[in-house]
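Everything below concerns the one structure shown next.
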Amino acid sequence: MKKLWYCSLLVAWITVTGSTDVFAQINSGTMKENITKTQADHFVYMRYIVNDVKESVDFYNRTLGFKTEMQPPSGGFALLSFGNLKLLINRPGSGGGAGRTMTDGTVPSPGGWNRIQIRVPDLDKKIAELKLQNVIFRNELVIGNGGKQILLRDPSGNLVELFEPFKRK
């Protein structure tokens, strides 16, 4: 529970401050080999359950600029990265713990309202680019107190929020 609270606090801090200096150092090519356990704890890990791992990997890499870190030949799992975010993708019933049926018989499935947020410098431009790729959006552009946002769906129906914060004066 303490680790979950810490991760939530860390995500909130990054979202509010936009500070990723630590992550920039960790993810730089020169420091990648020398990551200590303390530094590795600064990555944010999120898991999505998907219908098709290969299709999801292609979507996140091609459409949103993620990189594949690991994709075993079994096809039931992949680890992707985007800056300090590590996205674990699992297919239900693929043998790993994340895809196993729960003791009450519930099978993990994609979807829901939890989502990752990706910040973009020009949301209108990004939306136009993604529409040309036939990306499915959950809503129209929303303007809130902190900036503009839109939700899109990955191939399994999981939500991804694209967010452009208002410029500070």
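Excluded from the calculations below are hydrogen atoms, water molecules and symmetry mates; all remaining heavy atoms, backbone and side chain alike, are included. Each residue takes its place number in the sequence, starting with 1.
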Taking the side chain as every heavy atom from C-beta outward, state whether T68 and Q71 have any pair of such atoms under 4.5 Å apart. yes
Okay, side chain of R91, backbone of G75: is any donor-acceptor separation there less than 3.5 Å? yes
State, with a plain yes or no, whether a side-chain heavy atom of T63 is found less than 4.5 Å away from one of Q133. yes
S156 and N158: side-chain donor and acceptor closer than 3.5 Å? no
I need the minimum non-hydrogen distance between Y48 and M46, along with the two atoms involved. CE2-CE, 3.7 Å
Kindly indicate whether the side chain of E164, heavy atoms from C-beta on, has any atom under 4.5 Å from the side chain of K126. no
Non-hydrogen atoms of L159 and G112 that approach each other most closely: CD1-O, 3.5 Å
Here the gap from R138 atom CZ to R153 atom CZ, rounded to the nearest 0.5 Å, amounts to 5.5 Å
Can you find a pair of side-chain heavy atoms, one from N51 and one from P155, that are under 4.5 Å apart? no
R168 side, atom CZ; F166 side, atom CZ - distance, nearest 0.5 Å: 13.0 Å
For residues N61 and K67, report the shortest heavy-atom separation together with the two atoms involved. OD1-N, 3.5 Å
Can you tell me how far the CG atom of D122 sits from the CD atom of E129, to the nearest 0.5 Å? 8.5 Å
V160 side chain near Y60 side chain, heavy-atom distance below 4.5 Å: yes
Here the gap from F43 atom CZ to K86 atom NZ, rounded to the nearest 0.5 Å, amounts to 4.5 Å
Nearest atoms (heavy-atom pairs only) where P72 meets F77: CD-O, 3.4 Å
From CA spacing to verdict: side chain to side chain contact (heavy atoms under 4.5 Å, CB included), V142, K148: CA-CA 6 Å; V142 174; K148 302 186 293 187; over 6 Å; no
Determine whether L85 and I118 satisfy the following criterion, side chain to side chain contact (heavy atoms under 4.5 Å, CB included), listing intermediate values before the conclusion. CA-CA 10 Å; L85 172 65; I118 298 174; 5.8 Å; no
Would a single hydrophobic cluster contain both L151 and F82, if residues Ile, Leu, Val, Met, Phe, Trp and Tyr are joined by side-chain heavy-atom contacts under 4.5 Å? no
Do L162 and V44 land in one hydrophobic cluster if side-chain heavy atoms of ILVMFWY residues count as linked below 4.5 Å? yes
What do the steps show when you test V120 against F163 for side chain to side chain contact (heavy atoms under 4.5 Å, CB included), and what is the final call? CA-CA 6 Å; V120 296; F163 180 76; over 6 Å; no
Judged by modelled atom types alone, do Q117 and R119 share a side-chain donor-acceptor pair under 3.5 Å? yes
Can you name the closest pair of heavy atoms from N90 and V53 and give their distance? C-CG2, 4.4 Å
Under the criterion side chain to side chain contact (heavy atoms under 4.5 Å, CB included), I'd like the reasoning laid out for I136 against L152: C-alpha separation, chi angles, the key distance, then a yes or no. CA-CA 6 Å; I136 299 169; L152 60 94; over 6 Å; no
Joint hydrophobic cluster, L64 plus I127, side-chain heavy atoms closer than 4.5 Å: yes
Looking at M102, is its backbone amide N or carbonyl O close enough to the side chain of T106 to form a donor-acceptor pair, meaning the two atoms are under 3.5 Å apart? no
Neighbour count above 12 (heavy atom, 6.0 Å) for N145 CG: no
Which atom pair, heavy atoms only, marks the closest approach of I150 to L141? CD1-N, 3.8 Å
Take atom CD of E140 as the centre, draw a 6.0 Å sphere, and report whether it contains more than 12 heavy atoms from other residues, nucleotides or ligands. no
